[in-house]
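Here's the structure, in structure tokens; my notes come after.
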Amino acid sequence: MKGYNKVLVKLSGEALAGEMQRGFDHTIITSVVVQLKELIEKGLQVAVVIGGGNFWRGRTSGDMDRVKADQIGMLATVMNALYVADVCRSQGIGAVVQTPFAVGNMTEIFSKDTALDHMKKGHVVFFAGGTGHPFFSTDTGAALRGCEIEADVLLFAKNIDGVYTSDPKLNHEAKRYKQLSCQELLRQNLKAIDATAAALCIEQKLPIIVFDLGATNGIVRVAMGEEIGTTIYIED
Ligand code: UDP
């Protein structure tokens with residue numbers, strides 16, 4: 001079983017909200033943080049990107065200006081990162097939030113060098129605010145930051161246990177892939193990951209694993225190389 005040394009964990013905002021679908025489910029978030037702590041204690045370097053769907057989504061915000069709606073969405077991801085980083089500190093792990101734009105003294109501005117310095121010291125670095133640009137998603141933000149920090153893998157923790165042949169909520173015959181190439185995911189137009197993120201991962205040869213955030217100790221197991229969920233590899 002091969003484990004990883006440097007991982008970027010992507011958590012969807014909805015997954016953090018649990019059954020409430022809005023805001024924070026503290027039990028879920030504490031479980032995530034305990035797992036991040038275990039990774040740090042095992043000597044892994046850990047970065048985290050959190051979505052914003054538990055507060056706001058630009059594309060479903062009605063007929064308001066999309067750019068403004070996306071700005072609100074990016075700020076939602078900052079709120080999520082500030083919250084989870086604080087839970088990290090309360091559990092005894094160092095945590096830093098970096099954003100692509102200034103948020104006063106609440107966050108640091110993203111820098112590859114300082115991010116890597118923090119990670120080498122055993123701090124979790126949260127990349128909040130997505131890419132800093134509208135019309136993108138935190139999937140793409142995660143892929144971008146993952147490439148920049150030269151992560152070994154992106155670990156996408158979701159409310160679903162992997163990538164399916166079609167939406168399992170709509171099609172009971174849908175089957176989960178254990179492995180799937182990122183190129184095939186794009187060819188089949190599977191919606192598990194944003195297409196822009198997938199394209200970047202292909203170009204930079206960055207694999208992704210999609211797994212269920214609800215799986216017991218799932219983040220640690222996936223990071224240690226256990227094959228749960230769907231591994232999205234890059235074809236040569
Ligand atoms: N967002 C953005 N640019 C980015 C990342 C996120 O504009 O680079 C905004 C967008 O409005 C998005 C929201 O932030 O809907 C929350 O991000 P997330 O990726 O969670 O969106 P979702 O996939 O849930 O729509």
Side-chain angles (χ1 to χ4, degrees), residues 8-25 28-29 32 47-85 97-103 106-112 115 125-149 151 154-160 162-164 167 169 182 185-186 189-201 203-204 206 208-214 232:
L8 188 149
V9 181
K10 157 85 205 291
L11 306 163
S12 72
E14 287 154 311
L16 293 186
E19 287 178 4
M20 297 180 301
Q21 297 185 336
R22 313 287 297 169
F24 302 115
D25 181 319
I28 293 177
I29 294 172
V32 166
V48 176
V49 167
I50 308 178
N54 53 329
F55 283 122
W56 184 271
R57 280 208 179 89
R59 65 178 182 279
T60 51
S61 54
D63 53 10
M64 78 177 283
D65 182 298
R66 172 68 190 266
V67 174
K68 304 295 174 201
D70 280 343
Q71 287 171 347
I72 297 171
M74 286 185 264
L75 291 174
T77 73
V78 177
M79 293 196 288
N80 280 340
L82 289 173
Y83 185 96
V84 182
V97 180
Q98 293 198 338
T99 46
F101 43 76
V103 190
M106 286 181 261
T107 66
E108 290 182 1
I109 293 289
F110 169 71
S111 142
K112 170 179 180 170
V125 180
F126 291 81
F127 298 125
T131 62
H133 299 283
F135 309 111
F136 290 103
S137 70
T138 49
D139 277 5
T140 302
L144 178 62
R145 296 297 182 238
C147 294
E148 286 179 281
I149 63 165
L154 301 180
L155 306 180
F156 276 34
K158 293 191 173 242
N159 276 341
I160 183 164
V163 181
Y164 281 75
D167 186 345
K169 284 187 202 134
C182 205
L185 178 117
L186 279 184
N189 198 23
L190 297 172
K191 303 287 180 202
I193 290 164
D194 182 278
T196 313
L200 186 55
C201 287
E203 196 183 290
Q204 295 303 317
L206 179 60
I208 308 164
I209 302 173
V210 177
F211 66 102
D212 182 6
L213 182 63
I232 303 174

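Predicted model, so just to flag it, every value in this text is computed and none were measured. Indexing begins at 1, ligand by ligand and atom by atom, following the structure's order. Side chains included, hydrogens not; waters and symmetry mates left out as well; all remaining heavy atoms used.
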Mind checking whether L75 and F55 have side chains closer than 4.5 Å, heavy atoms only? no

If you define the side chain from C-beta out and look only at heavy atoms, does anything of K10 sit under 4.5 Å from T138? yes

For the residue pair F127 and F110, does the interplanar ring angle fall in the parallel (under 30°), tilted (30 to 60°) or perpendicular (over 60°) class? perpendicular

Quick one: side-chain hydrogen bond (donor to acceptor under 3.5 Å, both in side chains) partners of D63, sequence neighbours excluded? none

Is any side-chain heavy atom of L82 closer than 4.5 Å to one of T107? yes

Report all protein residues having a heavy-atom distance below 4.0 Å to some atom of ligand 1; order the list by chain, then number. G51, G52, G53, W56, R57, G58, R59, D70, G73, M74, G130, T131, H133, P134, F136, S137, T138

Non-hydrogen side-chain atoms of L190 and Y164 separated by less than 4.5 Å: no

